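One structure below.
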Amino acid sequence: MQVAKVIVDVPTSQTNHTFDYLIPEPLENIVIKGMRVSVPFGPRKVMGFVVEVSDHSEFDKLKPLDEVMDLTPVLTDELLQLGKWMSEQTVSFYIQNFQAMLPQILKAKYKKEIEALTDVELPEGLQQLFAGRTIMDFEEFIERNGNYALLLEEIKNGHVQINYIVKSKETKKTKVFIGPNKEQYLLEEAIEDMSNRAKKQKKIMEWFIQQPEPVEQQLLLTKLQTTSSTINQLVDKKLLKKIDKKVYRDPFQNTEFERTTSLPLNSQQQAAIKPIWDAIDSKKDEVFLLHGVTGSGKTEVYLQAIERVLVKGEEAIVLVPEIALTPQMVQRFKGRFGSEVAVLHSALSPGEKFDEWTKIHKKEVKVVVGARSAIFAPFENIGIIIIDEEHETSYKQDEQPRYHAREVAKKRGSYHNCPIVLGSATPMLESYARAKKGVYRLLEMPDRMNEGEMPPVEIIDMRDELYAGNRTMFSRNLLDAIKSRIERKEQVVLFLNRRGHSTFVMCRECGDVMKCPACDIALTYHKSSHQLKCHYCDYQIPMVKECQVCKSKTIRYFGTGTQKVEEALREHIPEAKVIRMDVDTTRRKGSHKSLLDKFGNGEANILLGTQMIAKGLDFERVTLVGVLAVDTMLHLPDFRSSEKTFQLLTQVSGRAGRHKLPGEVIIQTYTPEHYSIQLASQYQYQQFFQQEMETRKGFHYPPYYFLTLINVSHPNQLKAQEVTKTICKLLFKHLSAQATVLGPTPSPIVRINNRYRYQCMVKYKDEPNQREVMRRILKHYHDDIYRHDLTIQVDFEPYSLM
DNA sequence: AGCACGCCGACT
DNA sequence: GTCGGCGTGCTC
């Protein structure tokens, strides 16, 4: 008897354990751990992960499992263990962690088909099922009691494969190619016979006489200015034929990657890479913090570390923040490692993600470059894990399971005995503190390559501008600087951390501010659509003509968003061509890249944008970076706001003067004396680190203390408050006397989407049993959570306190 | 989650 | 006396 222990896809605390199922005889030795199966669960069928196969069960009335969903495991032993560990660390359910490791497609409902790949005669049992076809439904295989062992064998031999068909169109894997169906001379004869009116048809035929190779239909249509109906007529006449070609969706297929080879390392790079190479060679799971200023050549260090790993036949994972934002980064990896690289990032369609994942799963690639979830790449022989821009907040998932990719990386590193490299120009305070303590090994690269200097930074006190009678959002210096760049045909990057047009609209008469009815937040005016939008829920209404309260028509716009800046630029510098990049202009797939390409081609003088333009851009002609208002970020209710400001300023400054032309940075602020602005303008990371550590120490914040944040929300304000209060009490009672429990406190935004939000914060040095306490609290509120619309979010070492 | 079971009030 | 409201508990 074989028994599968299964974690079912029912994310509740009551079902957060394995359920035993009998493996029916035809599936014996087919079902192995790491596979997904379909099992009867009460009256219905659910998906589940086999986490163990055993020869007995404590349970006596076992049901047999229904069906296997994979013929090869989708999770390795290591990933199964990792999922268990993660669920303990983040106090989440096992199933959520397993799901988080797989591409979306494998979570959704889908259909499977079996495809014969060769003309080779398949074994008896299989051949007859196909009955002359090349593709059959998997359903049919099950219905006709197909032989799993045989199928599995043939998959291994590469004679057949399983295709996952998802309902969405995005996952179409075939492209239609058109090719000639007859010999050249027959085509020529056919043209002669055609009516004189069939101009388009002749044109198409001539194309194929010129070159008989099949071409993509899409290409043919655009090149010859015709439509598919014309082509279809020729296909009907048997002159041409349609060919469905299977193609991997390659998101970079239209990009040529110039192959590069190792660049010679300068002395500081050599000093940094040596210990990493040693760790690779000796299989040591050491964590390195590579602190290198922008332009110090960190990427080349990564590349050559990976080369060392590949030579040993091992694999590498590279995490980059939101990779779509750095096409240039992808280019460098693809350029060096070519087809050995898979790329995983959030801008890919589900189908594309699945294809990239499949390449990893089938071991067709050795290197993965991707965003946070790429840390789960199903490699079995990892030689190095690199996390670039280590301080980026996107490495922490802001929904369950709230894992941090860095911690997962360390765990995987210790399993594979491989080094971890954390790279950053502005490491997170916690990381740098660890490096100083010797927990991580610190590697410093303080100098830019080619003796380049960081661009000088000018801080402009906007209060002075106001005294001088300048009421615009541009200081005189900035405006002059922009104008001079345009004259010199150089480019400008302008940064403002706020999208929309105005941050709020207010009635001048009675002072009423337009607010979202569902959230406790002012509405933002979007000029292009003439709408008032809430940035926290999807509420939006047309802009009001008069005050809702006093009917006055004197409604004014306050606060500045990217749209307003764009408008003001047009007014002050009409000759400037501006590209605006924010969530609103990059929502469409691929728009991100196309906007950047446009800017790179010099189709605009100014790139204006939010957060998203701060990272990784590298354009030769950018010689001026302007930060319009840094204050909004500095005064957020978050203990990390100084650090985030410092990081951001350092990052945007790095965008200027990266090549031959000298750069300049202008920062506009109302608090020029603030230490993060001052120190960022002088590129003084060390001093900033020391000063910020002082502040953190004083307020008992990380890295001196750990934090745990509990967010409670409920439609009823009293309920939310009362639950939070009880949780605070429980924590106070069950945690050690050294822990500080703060709360209940209303969240910075008390109401979002008609839910009231309260929080409780725990500061502690060492609380080994806090996860158990949290789990018990969640269990205690189980009923309220599942039946009464209560949510309790527990976030260990949170990145955001909102 | 989704469903059966079971205990109390309104009703042909 | 029954029908069905929802609170409670279980799913191998």
Side-chain angles (χ1 to χ4, degrees), chain A residues 1-70 73-75 80-81 83-84 86-87 90-102 104-110 142 148 167 399-402 712-716 718-720 722-723 726 753 755 774-794:
Chain A
M1 160 167 107
Q2 282 191 348
V3 174
K5 297 195 178 286
V6 176
I7 295 288
V8 292
D9 184 16
V10 182
T12 65
S13 51
Q14 291 159 302
T15 52
N16 194 35
H17 57 84
T18 59
F19 288 80
D20 292 357
Y21 289 90
L22 192 68
I23 298 176
E25 229 171 87
L27 289 177
E28 273 183 16
N29 302 319
I30 299 287
V31 175
I32 37 181
K33 61 174 160 173
M35 280 179 180
R36 294 166 310 145
V37 288
S38 161
V39 294
F41 194 65
R44 68 217 155 98
K45 278 178 191 172
V46 298
M47 190 274 276
F49 287 87
V50 178
V51 294
E52 209 186 316
V53 175
S54 161
D55 56 1
H56 70 284
S57 172
E58 310 280 289
F59 217 80
D60 44 10
K61 21 185 210 296
L62 289 187
K63 287 185 185 175
L65 61 83
D66 267 345
E67 192 195 320
V68 282
M69 296 173 72
D70 306 297
V74 290
L75 295 177
L80 287 172
Q81 277 179 43
K84 185 165 179 280
M86 278 172 61
S87 75
T90 59
V91 189
S92 54
F93 307 122
Y94 297 120
I95 188 73
Q96 295 173 317
N97 292 276
F98 294 146
Q99 299 277 37
M101 295 175 169
L102 296 175
Q104 196 64 40
I105 284 193
L106 295 182
K107 299 169 208 170
K109 299 212 185 317
Y110 61 91
I142 294 164
Y148 281 100
K167 278 161 205 148
E399 58 187 55
Q400 288 274 42
R402 293 170 201 279
V712 178
S713 85
H714 194 270
N716 180 326
L718 259 167
K719 176 76 180 174
E722 177 253 316
V723 169
T726 313
N753 247 324
R755 303 181 63 87
M774 299 294 172
R775 203 177 272 282
R776 286 218 309 272
I777 288 175
L778 288 175
K779 237 182 200 153
H780 175 250
Y781 281 107
H782 179 270
D783 241 50
D784 274 344
I785 290 170
Y786 290 101
R787 302 199 216 273
H788 303 291
D789 212 9
L790 176 73
T791 57
I792 301 177
Q793 295 173 347
V794 184

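Nothing here was measured: the structure is a model prediction, and the numbers come from that model. Residue numbering restarts at 1 for every chain, and letters A, B, ... go by the order of the sequence lines.
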[X] [atom1] - [N] [atom2] separation (whole Å):
| X | N | atom1 | atom2 | result |
| --- | --- | --- | --- | --- |
| A:Ile7 | C:dT11 | CD1 | C1' | 14 Å |
| A:Asn16 | C:dT11 | CG | P | 16 Å |
| A:Asp9 | B:dG2 | CG | P | 11 Å |
| A:Asp66 | C:dC12 | CG | C1' | 13 Å |
| A:Tyr786 | C:dG7 | OH | P | 18 Å |
| A:Arg787 | B:dC3 | CZ | C1' | 10 Å |
| A:Gln96 | B:dA1 | CD | P | 11 Å |
| A:Arg44 | B:dA4 | CZ | P | 11 Å |

Exercise for the section: Measure the acute angle between the ring planes of A:His782 and A:Tyr786, then classify it against the limits of 30° and 60° as parallel, tilted or perpendicular. Expected result: tilted

Practice task
Mind checking A:Tyr21 for me? I need base, sugar-phosphate or nothing, with any heavy atom below 4.0 Å counting as a touch.
Solution key: sugar-phosphate

Practice task
Quick one: label A:Glu58 by what it contacts on the DNA or RNA (base, sugar-phosphate, nothing), any heavy atom closer than 4.0 Å.
Solution key: nothing

Practice task
Compare every heavy atom of A:Glu58 with every heavy atom of A:Asp20, then report the nearest pair and how far apart it is.
Solution key: OD2-N, 4.2 Å

Handout entry: Nearest heavy atoms of A:Phe98 and A:Leu80, plus distance in Å
Key = CE2-O, 3.6 Å

Problem - Residue-phosphate contact under 4.0 Å: A:Lys61 side-chain N/O, C:dC12 OP1/OP2 - result: no

Exercise for the section: Give a yes or no on whether a salt bridge exists between A:Asp789 and A:Arg755, defined as a side-chain N under 4.0 angstrom from a carboxylate O. Expected result: yes

Fill in the blank from the handout: From the candidates B:dG2, C:dT11, C:dC12, the one with an atom nearest any side-chain atom of A:Lys63 is C:dC12

Practice task
Evaluate whether the aromatic ring of A:Phe59 and the six-membered ring of the C:dC12 base sit under 5.5 Å apart, centre to centre, with an inclination under 30°.
Solution key: yes

